[in-house]
Amino acid sequence: MFRSLGRLANRTGAVQSAIRSFAAEAAPADVKVPTSVFGVAGKYASALYVSAVRGQQVEAVEREMRELVTVTGSNPTFAAFLRDPSVSKEVRVKAIEEIFKQAQYSPITTNFLTLLADSGRLSFLPKIAATYEDILMAHRGQVKATVTAALELTPAELAEVREALAGMLSAGQTLQLQQRVDRSIIGGVLVDIGDKHIDLSIRSKIRRMEKVLTESL
């Protein structure tokens with residue numbers, strides 16, 4: 001579908017109307033963003049979340065944003081289109097509206113993308129999508145945690161980590177645990193959960209010992 005970039009629609013009034021409509025519907029009111037997010041990506045992801053909740057399209061928008069990130073990473077033409085400063089705002093807005101209406105994306109996602117095109121923020125799309133995912137995790141009561149070890153942990157070891165982290169959750173929250181392997185930490189584990197970082201690695205212990213020895217000389 002992204003081969004259609006060269007075929008631009010001649011409609012402009014509908015695009016401007018969609019931008020105004022999206023901005024009005026996404027204005028904060030009865031829908032509250034369930035977690036704090038910051039920066040440009042946070043601002044736009046919050047607006048997308050509010051509009052998706054009101055339109056009861058949270059999952060549909062999530063699928064479409066994931067697909068967009070995948071396409072951006074695998075389609076050089078589309079990725080270049082998002083970044084190219086020589087493409088005028090008018091051309092970019094027309095192209096986005098045409099492409100995603102033909103692809104039958106939800107009106108919320110299509111209007112949101114035209115808003116990004118109109119404001120010159122399409123290059124922020126991957127960060128906005130990632131922030132939207134963070135908001136949805138909070139919306140579902142999910143807490144993301146990553147455990148990093150020098151070797152892949154066994155199921156029994158992962159179960160121990162889950163049990164240890166369960167005490168850090170609030171009522172109604174569920175843990176989404178991911179595992180990473182980083183041989184440079186030598187042994188032990190690193191745990192990232194929410195905004196907390198717990199360093200129990202052997203590498204960290206060695207560095208602390210080296211610092212103590214250096215300061216004592």
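None of the values given here were measured: they were computed from a predicted structure.
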Supply the atom-to-atom distance [X] [atom1] to [Y] [atom2], rounded to the nearest 0.5 angstrom.
X: Gln57; Y: Glu64; atom1: CD; atom2: CD; answer: 8.0 Å
X: Lys144; Y: Thr174; atom1: NZ; atom2: OG1; answer: 13.5 Å
X: Asp199; Y: Arg207; atom1: CG; atom2: CZ; answer: 8.5 Å
X: Ile185; Y: Leu190; atom1: CD1; atom2: CG; answer: 4.5 Å
X: Arg121; Y: Leu116; atom1: CZ; atom2: CG; answer: 9.5 Å

Nearest atoms (heavy-atom pairs only) where [X] meets [Y]:
X: Ser184; Y: Arg203; answer: OG-NH1, 2.9 Å
X: Pro76; Y: Ser74; answer: CD-O, 3.4 Å
X: Asp134; Y: Thr35; answer: O-CG2, 4.3 Å
X: Ile108; Y: Ala52; answer: CD1-CA, 3.9 Å
X: Ala150; Y: Gly187; answer: CB-N, 4.0 Å

Legend entry - Common cluster, Phe81/Val69, ILVMFWY with side-chain heavy-atom separation under 4.5 Å: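 No: no chain of side-chain contacts under 4.5 Å links Phe81 to Val69.
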
Find out whether [X] and [Y] are in side-chain contact, i.e. whether some heavy atom of one side chain is under 4.5 Å from a heavy atom of the other.
X: Ile135; Y: Leu48; answer: no
X: Ile128; Y: Phe112; answer: yes
X: Tyr44; Y: Tyr132; answer: no
X: Thr131; Y: Phe124; answer: no

Inset, instruction - Output yes when Asp84 and Arg92 qualify as a salt bridge under the 4.0 Å nitrogen-oxygen rule, no when they do not. - result: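 Salt bridge flag = no for Arg92 with Asp84.
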
Legend entry - Note: Glu97-Lys101 ion pair, threshold 4.0 Å (strictly below):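 A salt bridge links Glu97 with Lys101.
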
Legend entry - Set of residues satisfying salt bridge (Lys or Arg N to Asp or Glu O under 4.0 Å) with respect to Glu62, sequence neighbours excluded: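 For Glu62, the residues satisfying salt bridge (Lys or Arg N to Asp or Glu O under 4.0 Å) (neighbours in sequence not counted) are Arg66, Arg140.
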
Taking ILVMFWY side chains as joined if any heavy atoms are under 4.5 angstrom apart, and letting links pass through other members, which residues group with [X]?
X: Val147; answer: Val143, Leu153, Leu158, Val161, Leu165, Met168, Leu169, Leu175, Leu177, Val189, Val191, Ile193, Ile198, Leu200
X: Met137; answer: none
X: Ile186; answer: Ile202, Ile206

Inset, instruction - Start with the C-alpha gap between Leu136 and Met65, add the side-chain angles, then the distance that decides, and say whether side-chain contact (heavy atoms from CB on, under 4.5 Å) holds. - result: CA-CA 12 Å; Leu136 289 192; Met65 293 297 283; over 6 Å; no

Inset, instruction - Please name all residues satisfying ring pair (Phe, Tyr, Trp, His ring centres under 6.0 Å) with Tyr49, sequence neighbours left out, ordered by chain then number. - result: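 Once residues adjacent in sequence are excluded, the partners of Tyr49 under the ring pair (Phe, Tyr, Trp, His ring centres under 6.0 Å) criterion are His139.
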
Inset, instruction - Would you check if there is a donor-acceptor pair between the side chains of Ser106 and Thr109 at a distance under 3.5 Å? - result: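 Side chains of Thr109 and Ser106: pair found under 3.5 Å.
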
Inset, instruction - Determine yes or no for a side-chain-to-main-chain donor-acceptor pair under 3.5 angstrom, with Thr114 supplying the side chain and Asn111 the backbone. - result: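 Yes, the answer is positive, given that a donor and an acceptor are paired below the 3.5 Å cut-off.
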
Inset, instruction - Take Leu113 and Leu68 through the side-chain contact (heavy atoms from CB on, under 4.5 Å) test and state the conclusion after the steps. - result: CA-CA 10 Å; Leu113 292 171; Leu68 282 169; 3.7 Å; yes

Legend entry - Qualifying side chain to side chain donor-acceptor pair (under 3.5 Å) pairs with a residue from residues 146-168, counting only residues at least two apart or across chains: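 Residue pairs with at least one partner in residues 146-168: Thr148-Arg180, Thr154-Glu157.
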
